[in-house]
Colleague: 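Right, I'll just put the structure down here and ask away after.
These figures come from a predicted structure and were not determined experimentally.
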There are 2 protein chains.
Amino acid sequence: MNTTRDQIIETTCELLETYGYYATGLNQILAKSGTPKGSLYYYFPEGKEELTSEAIERTGRRVAERIKHELSKIGDPGEAIRSFVSSIAYHVEASGFRAGGPLMIVAMETATSSERLNLACREAYHLLQQAFQEKLIANAFTEARAMQLAIFINASIEGGIILSRTSHSGDPLRNVAEMLGHLLNSLPRD
Amino acid sequence: MNTTRDQIIETTCELLETYGYYATGLNQILAKSGTPKGSLYYYFPEGKEELTSEAIERTGRRVAERIKHELSKIGDPGEAIRSFVSSIAYHVEASGFRAGGPLMIVAMETATSSERLNLACREAYHLLQQAFQEKLIANAFTEARAMQLAIFINASIEGGIILSRTSHSGDPLRNVAEMLGHLLNSLPRD
DNA sequence: GTCTATACGGTGATAGAC
DNA sequence: GTCTATCACCGTATAGAC
């Protein structure tokens, strides 16, 4: 794995999470990663869109893995998700409300303005939802019902991140954690 | 009410909803609203940030009013919110996935990069949550419990809008509508 | 492969005529 | 109050030396 190329993508992931696609400049990426501009177009000949697409793909894979890992630590799905969302609340606070929801801004900005980035975001979100679905299927939910719940879980968390980053408080996310925990516990299994 | 100034704000509201703060240019606002650049700085001497702040405030007031109006049409709060979220799904689809969640992109982009815009977004979200809370208080929930639910409702809807705009389908939002409807119906009143 | 210098367009903002 | 002309700057992207 080429470390220069890798470092560019890694830095891009971080900046996209905080600032989004349009507010993140290539100069900013190069300065933060310590790379000269010539290298960027050597590794990403199609420019910013190609680089961002790779960064989104990496973020999707990484977050999906983190979800699987976190949810595997607790058996009961309601308690596992409650605990997972609480850990996001802590993460958002610890970052000074600059992190959390690494796909969100790019997904919204490019939903109708870049087909390539829209596709990347769509596939990334699908990976996250499959990770939630997997946990639910393993706990007596049908595939269809599990996906329906996974989408709702994903939506609530993303919304909770918006409200927490905006209000500069982890409380909205902790509220989501409690609500999802109760909801999953009160649901009849299939 | 000055119509030139008003038209600038109105156009800004529309563009912010689709493109966000950083991708919306002043030239774009002026072209779409048919206003010369000189007028913009006459009405908004502090420039883009002042204009955006006013646009966010207007959007917050407008959406809060729409929530109150929609929720007043149906007595049962679960059914009222289910119906309201379904109407958002239709709205997002009808716009070609360019509209829905008019605060979201700006809120995320400016959470830690502009104190003024962060404050405007925070207050706007608070107005929406008060609108939901009001409906719940009128239906036998305590103030505190009603606000807790209002925040969760707000988060789920915002997240549902992200997923619908990203996947180019109203289905995630309709899923949120059903889930929130069932959740509110299954909750014990205080 | 890596780097510097630069092109070119668009950005937010300003000055000053009318 | 409204408009035009123009500013300085930064964005992405490219050319070409080494």
Colleague: With a 4.0 Å cut-off on heavy atoms, is A/Phe44 in touch with a base, just the backbone sugar-phosphate, or nothing at all?
Modeller: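 Nothing: the residue A/Phe44, judged by heavy atoms under 4.0 Å, touches no strand.
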Colleague: To the nearest angstrom, how far is B/Leu30 atom CG from D/dT4 atom P?
Modeller: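 Interatomic distance, CG of B/Leu30 to P of D/dT4: 11 Å.
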Colleague: Contacts to DNA chain C from residues 8-18 of chain A, heavy-atom cutoff under 4.0 Å, which residues?
Modeller: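 Contacting residues: none.
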Colleague: Considering residues, nucleotides and ligands other than A/His182, do more than 12 of their heavy atoms fall under 6.0 Å from its NE2?
Modeller: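 For A/His182, atom NE2 is not crowded (no more than 12 foreign heavy atoms under 6.0 Å).
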Colleague: Let me have a per-nucleotide readout for nucleotides 12-18 of chain C, 5' to 3', with B, S or -, counting only protein heavy atoms under 4.0 Å.
Modeller: BBB----
Colleague: Is any NZ, NE, NH1 or NH2 atom of the basic residue among B/Glu65 and B/Arg62 found under 4.0 Å from an Asp or Glu carboxylate oxygen of the other?
Modeller: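 Salt bridge flag = no for B/Arg62 with B/Glu65.
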Colleague: Out of D/dG1, C/dT2, C/dC3, which nucleotide sits closest to the side chain of A/Pro36?
Modeller: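 So the nucleotide nearest the side chain must be C/dC3.
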Colleague: On the ring face of B/Tyr42, is B/Lys37 found with NZ or CZ under 6.0 Å from the centre and within 45° of the axis?
Modeller: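 B/Lys37 over B/Tyr42 ring: no.
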Colleague: Would you call the rings of B/Phe152 and A/Phe152 parallel, tilted or perpendicular, where under 30° means parallel and over 60° means perpendicular?
Modeller: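 If you compare the ring of B/Phe152 with that of A/Phe152, the planes turn out perpendicular.
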Colleague: Applying side chain to side chain donor-acceptor pair (under 3.5 Å) between B/Glu10 and each of B/Arg5, B/Lys32, B/Arg58, report the one that passes.
Modeller: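 Single pass found, and it is B/Arg58.
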Colleague: Could you tell me whether A/Lys135 sits above the aromatic face of A/Phe141, with NZ or CZ closer than 6.0 angstrom to the six-membered ring centre and within 45 degrees of the axis?
Modeller: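 Checked: cation-pi criterion not met.
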Colleague: Nearest whole angstrom, please: distance from the P of D/dA13 to the OH of A/Tyr43.
Modeller: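 Result: 19 Å.
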Colleague: In the structure I gave you, are the side-chain heavy atoms of B/Arg116 and B/Thr52 within less than 4.5 Å of one another anywhere?
Modeller: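 SC-SC contact between B/Arg116 and B/Thr52 ruled out.
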Colleague: Under 4.0 Å between a Lys/Arg side-chain N and an Asp/Glu carboxylate O for A/Arg174 and A/Glu93?
Modeller: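 A salt bridge links A/Arg174 with A/Glu93.
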